*Asks:* 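I'd like to ask you about the structure that follows.
These numbers were taken from a predicted model, which means no experiment stands behind them. Here is the naming used below: chain letters follow the sequence lines, and residue numbers restart at 1 for every chain.
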Number of protein chains: 2
Amino acid sequence: MTRQERRRQTEERILGAARALFAEVGYERATIRGVAAAAGVDPALVMQYFGAKDELFRRAIHAPGEQPLEIAPERLADLLLEAIRFKLGETDDGSLALFRSMLTHPDAAEHFRTATARQVREFATGIPRPDGELRASLLVAISMGLTIARELLRLEPLQEATPEQIVDLLRPAFQSLSASG
Amino acid sequence: MTRQERRRQTEERILGAARALFAEVGYERATIRGVAAAAGVDPALVMQYFGAKDELFRRAIHAPGEQPLEIAPERLADLLLEAIRFKLGETDDGSLALFRSMLTHPDAAEHFRTATARQVREFATGIPRPDGELRASLLVAISMGLTIARELLRLEPLQEATPEQIVDLLRPAFQSLSASG
DNA sequence: TGGTTCGCTCTACATTCGTTGAGTCTCAAC
DNA sequence: GTTGAGACTCAACGAATGTAGAGCGAACCA
């Protein structure tokens, strides 16, 4: 194995450990030393590779292949429900790290705000109404609340339910919010 | 003014400053020194009165008159929407402090979990169905997501909308989730 | 094979935090 | 008016954290 490969591999291991730790305890309680220990590496190396804790976090929450989903104006509700069903149960640590930290870490909050604003505008094009953006915001708020309650707070009834069950119950709600008529 | 009154008043001032600071920046970033400064008091006094930071937080999030609302089995949706409309725009710092910190502070998470579990059981009695608890959990998750998005993250379209607008848009969703038929 | 680069570690510093114990000052009781 | 209690402050400690710089050892290039 070449030197460059080994270096890249170590960096990826640190990034993975960081993602997991940020997702588990949030930005403030996750320490450089903790990340380094989880990655089997010296804390100074983390600094050397990422410069600062903020930068490490920024890299950690940056999901690799996050392509925007297509919007068919009428089937928006179904598409969103599909996305939620997919995400529930298999939410990636990057997103969880962002969710976990966005209430206490200003950078995380800002990142989420801009990402959400883009998503809201995107959804809103599928809801041709004067209050389209508000409806889209509610859709985002609802799915955010759902992920937080189930994956982070681990509320019992939600955690035990299957994604299909949840999505079925949520369908009327999403349809009424995304109704274009 | 007697000595006891003055003492009580100081304690209340500290508690108010703590509530506000916890609500603004969360448990980890709020410091005893910060609370003390906001209350115009020495940090040591905060310790003397509350013993530890954890205890201060516990006292800060303990809302004074939080009586459980009555549940008329059929009008559950309307009652919940009423509660949401009331809370939106005038959410107390104690609740915001709890929301802000519950993803990163284990004690806050535990407090929220038990409070929510009780609330879910309460709502579930108004939804006589096999999946009543799951439906109730979804209702809680939705209103939590709404409060977080609007009051803590301050997402624009949500913040600009009036409580009435929001409640109106949410009504079908709540009715479908709390439908007892 | 000798030198140099580079991945990586060791040690340490400065800051900030929660927390503590001694001390000060004011007010109430006798 | 003296005394004592209690509200409040001062100064400091120990631990943890982000961060910096020097140094080590092995892999690469000549």
*Asks:* Is it the case that the side chains of Thr104(B) and Glu28(A) hold a donor-acceptor pair, with the cut-off being a distance below 3.5 Å and no angle test?
*Replies:* no
*Asks:* Under 6.0 Å between the ring centres of Phe50(B) and Phe57(B)?
*Replies:* no
*Asks:* Should the heavy atoms of other residues, nucleotides or ligands under 6.0 Å from CZ of Arg58(A) be counted, would the total exceed 12?
*Replies:* yes
*Asks:* Scan residues 42-54 of chain B for pairs that pass salt bridge (charged side-chain N to carboxylate O under 4.0 Å, His left out), counting only residues two or more places apart or in two chains.
*Replies:* none
*Asks:* Looking at every non-hydrogen atom in both residues, tell me the closest pair between Leu153(A) and Arg113(B) and how far apart they are.
*Replies:* O-NH1, 2.6 Å
*Asks:* Of the residues in residues 50-58 of chain B, which ones touch DNA chain C at a heavy-atom distance under 4.0 Å?
*Replies:* Ala52(B), Lys53(B)
*Asks:* Using chain A heavy atoms and a threshold of under 4.0 Å, write down where along DNA chain D the contacts begin and end, 5' to 3'.
*Replies:* dT17(D) to dC28(D)
*Asks:* Taking the nucleotide of DNA chain C with the closest heavy atom to each, which residue, Arg3(A) or Thr2(B), is nearer the 5' end?
*Replies:* Arg3(A)
*Asks:* Is any side-chain heavy atom of Arg85(A) closer than 4.5 Å to one of Ile166(A)?
*Replies:* no
*Asks:* Closest-nucleotide mapping onto DNA chain D: is Ala30(A) or Gln48(A) further toward the 5' terminus? I mean the 5' end.
*Replies:* Ala30(A)
*Asks:* dG7(C), OP1 or OP2 - any side-chain N/O from Arg7(A) closer than 4.0 Å?
*Replies:* yes
*Asks:* Not counting sequence neighbours, list each pair that qualifies as a salt bridge (charged side-chain N to carboxylate O under 4.0 Å, His left out) and has a residue in residues 155-176 of chain A.
*Replies:* Asp78(A)-Arg171(A), Asp168(A)-Arg171(A)
*Asks:* Taking Asp93(A)'s backbone N and O only, do any of them form a donor-acceptor pair with Arg19(A)'s side chain (distance below 3.5 Å, no angle check)?
*Replies:* no
*Asks:* Would Arg7(B) pass as a cation-pi partner of Tyr49(B), given that its NZ or CZ must be under 6.0 Å from the six-membered ring centre and within 45 degrees of the axis?
*Replies:* yes
*Asks:* In whole Å, what is the span from the CZ atom of Arg8(A) to the C1' atom of dC8(C)?
*Replies:* 19 Å
*Asks:* So which atom in Ala30(A) and which in Leu21(A) form the shortest heavy-atom distance, rounded to 0.1 Å?
*Replies:* CB-CG, 3.9 Å
*Asks:* Side-chain N or O of Thr10(A) versus OP1/OP2 of dG7(C): is the shortest distance under 4.0 Å?
*Replies:* no
*Asks:* Hey, can you pull the residues of residues 31-46 of chain B with a non-hydrogen atom under 4.0 angstrom from DNA chain C?
*Replies:* Thr31(B), Ile32(B), Arg33(B), Ala44(B)
*Asks:* Does a side-chain N or O of Tyr49(A) approach OP1 or OP2 of dC8(C) to a distance below 4.0 Å, or not?
*Replies:* yes
*Asks:* Can you list the residues that meet the ring pair (Phe, Tyr, Trp, His ring centres under 6.0 Å) rule with Phe174(A), with sequence neighbours excluded?
*Replies:* none
*Asks:* Rounding to an integer number of Å, can you tell me how far Met47(B) CE sits from dA22(C) C1'?
*Replies:* 16 Å
